[in-house]
Amino acid sequence: TEVGILAKSYIDQGRLIPDDIMTQLMLNELKGLDQYNWLLDGFPRTVAQAEALDKECQIDTVIDLDVPFETIKCRLTARWIHPASGRVYNLEFSPPKVQGIDDITGEPLVQRDDDKPETVTKRLQAYDAETKPVLEYYREKGLLKSFCGTETNKIWPHIYAFLQTKLPDVSLKDAATPR
């Protein structure tokens with residue numbers, strides 16, 4: 001979409017999408033979901049976005065995954081994709097059989113612009129500057145729960161146990177693994 005192309009231009013430059021664009025996109029998606037439990041990932045990222053969200057929706061809990069930036073940078077910069085299929089490889093923990101080549105087609109893999117080291121560093125710096133106030137905003141409201149770590153399989157059981165206290169009807173079968 002036109003808005004998607006605009007959003008991509010910010011991401012490719014290592015910048016975050018402006019509040020007004022992101023808020024409009026998200027609030028449009030959330031309309032009509034008030035009868036469901038839902039989880040947002042990566043939104044809101046600024047206090048302005050959080051305030052706009054609070055005006056439209058009842059927020060029960062905010063989860064903060066406190067992962068060192070160096071860990072995030074290593075994971076993102078090690079990510080390569082096969083553009084035609086969308087298959088994702090990670091050089092650290094899920095590498096292709098032959099470096100730089102898709103396992104199935106034998107075609108070259110590419111690194112997305114937003115996974116290049118300089119772009120990742122810029123995005124993490126922008127994220128840090130804009131998101132810390134959001135965490136404080138929700139901490140002051142008593143809604144923030146933080147989980148620290150570097151490995152999904154070690155953090156997830158704690159998150160799952162916490163979510164069970166918020167959504168006791170979530171079955172182990174449906175929610176035992178992150179998606």
Side-chain angles (χ1 to χ4, degrees), residues 1-31 33 38-54 56-57 59 62-138 146-152 155-156 178-179:
T1 65
E2 184 178 328
V3 175
I5 292 168
L6 180 60
K8 184 180 182 327
S9 72
Y10 285 95
I11 292 168
D12 289 347
Q13 295 172 43
R15 297 169 54 200
L16 298 178
I17 299 168
D19 286 340
D20 58 333
I21 296 169
M22 182 56 81
T23 301
Q24 179 184 2
L25 286 169
M26 292 303 299
L27 292 180
N28 284 341
E29 289 298 316
L30 294 173
K31 284 187 175 141
L33 295 180
W38 41 264
L39 179 118
L40 299 176
D41 180 7
F43 181 84
R45 287 196 176 160
T46 68
V47 172
Q49 291 174 2
E51 290 171 342
L53 180 63
D54 283 350
E56 299 293 324
C57 304
I59 304 302
V62 174
I63 296 174
D64 170 39
L65 301 180
D66 186 1
V67 178
F69 279 0
E70 200 53 42
T71 300
I72 297 169
K73 184 177 177 182
C74 286
R75 286 188 188 163
L76 292 178
T77 58
R79 185 166 61 181
W80 289 75
I81 64 165
H82 177 248
S85 68
R87 275 185 291 282
V88 178
Y89 298 88
N90 187 292
L91 302 180
E92 300 294 321
F93 57 84
S94 180
K97 294 173 186 168
V98 176
Q99 187 171 348
I101 303 296
D102 181 59
D103 289 349
I104 296 172
T105 66
E107 296 171 340
L109 300 175
V110 299
Q111 188 174 42
R112 296 179 349 186
D113 287 339
D114 59 330
D115 286 343
K116 292 183 177 170
E118 58 278 2
T119 306
V120 169
T121 298
K122 279 179 161 178
R123 288 178 64 208
L124 289 173
Q125 289 169 343
Y127 175 86
D128 189 48
E130 294 193 16
T131 303
K132 278 188 178 177
V134 176
L135 297 177
E136 188 55 36
Y137 174 83
Y138 285 117
S146 290
F147 297 90
C148 301
T150 60
E151 297 176 44
T152 302
I155 297 174
W156 176 246
R179 297 171 207 197

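With sequence neighbours left out, the salt bridge (Lys or Arg N to Asp or Glu O under 4.0 Å) criterion links D12 to K8. Partners of I81 by side-chain contact (heavy atoms from CB on, under 4.5 Å), not counting sequence neighbours, listed by chain and number: V88, V110, R112. Scanning for salt bridge (Lys or Arg N to Asp or Glu O under 4.0 Å) contacts around K132 gives D128, with sequence neighbours left out. For D102, the side chain to side chain donor-acceptor pair (under 3.5 Å) criterion is met by R87, Y89, T105, not counting sequence neighbours. Shown here are the side-chain contact (heavy atoms from CB on, under 4.5 Å) partners of E136, two or more places apart in sequence or in another chain: R139, E140. The salt bridge (Lys or Arg N to Asp or Glu O under 4.0 Å) test applied to E70 returns no partner, not counting sequence neighbours. Shown here are the side-chain contact (heavy atoms from CB on, under 4.5 Å) partners of Q125, two or more places apart in sequence or in another chain: T121. Partners of D20 according to the side chain to side chain donor-acceptor pair (under 3.5 Å) rule, which considers only residues two or more places apart in sequence or in another chain, do not exist here. Residues satisfying the side chain to side chain donor-acceptor pair (under 3.5 Å) test with Q49, not counting sequence neighbours, are D19. Scanning for side chain to side chain donor-acceptor pair (under 3.5 Å) contacts around N90 gives an empty result, with sequence neighbours left out. Every residue two or more places apart in sequence or in another chain was checked for a salt bridge (Lys or Arg N to Asp or Glu O under 4.0 Å) with K122, and none qualifies. C148 pairs by the side-chain contact (heavy atoms from CB on, under 4.5 Å) definition with D66, not counting sequence neighbours.
Between P44 and V134 the shortest heavy-atom distance is O-CG1, 3.9 Å. When all heavy atoms of D114 and V120 are compared, the pair lying nearest together is O-CG2, 3.4 Å. When all heavy atoms of R79 and Q111 are compared, the closest pair comes out as O-CG, 3.7 Å. The two residues L27 and L53 have their closest heavy-atom pair at CD2-CD1, 4.1 Å. In terms of heavy-atom proximity, Y10 sits nearest to I21 at CE1-CD1, 4.4 Å. Taking all atoms of both residues into account, the shortest heavy-atom contact from P117 to T77 is CA-CG2, 3.5 Å.
Atom CG of L91 and atom CZ of R75 lie 14.0 Å apart (nearest 0.5 Å). Rounded to the nearest 0.5 angstrom, F69 CZ and L124 CG are separated by 5.0 Å. Here the straight-line distance linking atom CZ of R45 with atom CE of M26 works out to 10.0 Å at 0.5 Å rounding. Separating the OG atom in S94 from the CG atom in D103 is a distance of 8.0 Å, to the nearest 0.5 Å. To the nearest 0.5 Å, atom CD of residue Q24 and atom CD1 of residue I17 are 12.0 Å apart.
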Practice item. Quick one: do I104 and S85 satisfy side chain to side chain contact (heavy atoms under 4.5 Å, CB included)? Show the steps, please. Key: CA-CA 10 Å; I104 296 172; S85 68; over 6 Å; no
Review point. When you look at T46 and Y137, which way does the side chain to side chain contact (heavy atoms under 4.5 Å, CB included) test go after all the steps?
Key: CA-CA 10 Å; T46 68; Y137 174 83; over 6 Å; no
Review point. Passes side chain to side chain contact (heavy atoms under 4.5 Å, CB included), E151 versus W156? Steps please.
Key: CA-CA 8 Å; E151 297 176 44; W156 176 246; over 6 Å; no
Practice item. Show your working on side chain to side chain contact (heavy atoms under 4.5 Å, CB included) between L65 and I63 and close with a plain yes or no. Key: CA-CA 7 Å; L65 301 180; I63 296 174; 4.1 Å; yes
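Side-chain atoms of L109 and I101, non-hydrogen and from C-beta on, never get closer than 4.5 Å to each other. Using a 4.5 Å heavy-atom cutoff, the side chains of E107 and H82 are in contact. W38 places a side-chain heavy atom less than 4.5 Å from the side chain of C57. Side-chain contact between L30 and L40 is present, with heavy atoms from C-beta onward closer than 4.5 Å. Contact check for T71 versus C74: no side-chain heavy atoms found under the 4.5 Å cut-off. The shortest distance between side-chain heavy atoms of T23 and F43 falls below 4.5 Å.
Other residues, nucleotides and ligands contribute only 12 or fewer heavy atoms inside 6.0 Å of the CD atom of Q99.
Side-chain atoms of E29 do not come within 3.5 Å of backbone N or O of L25 as any donor-acceptor pair.
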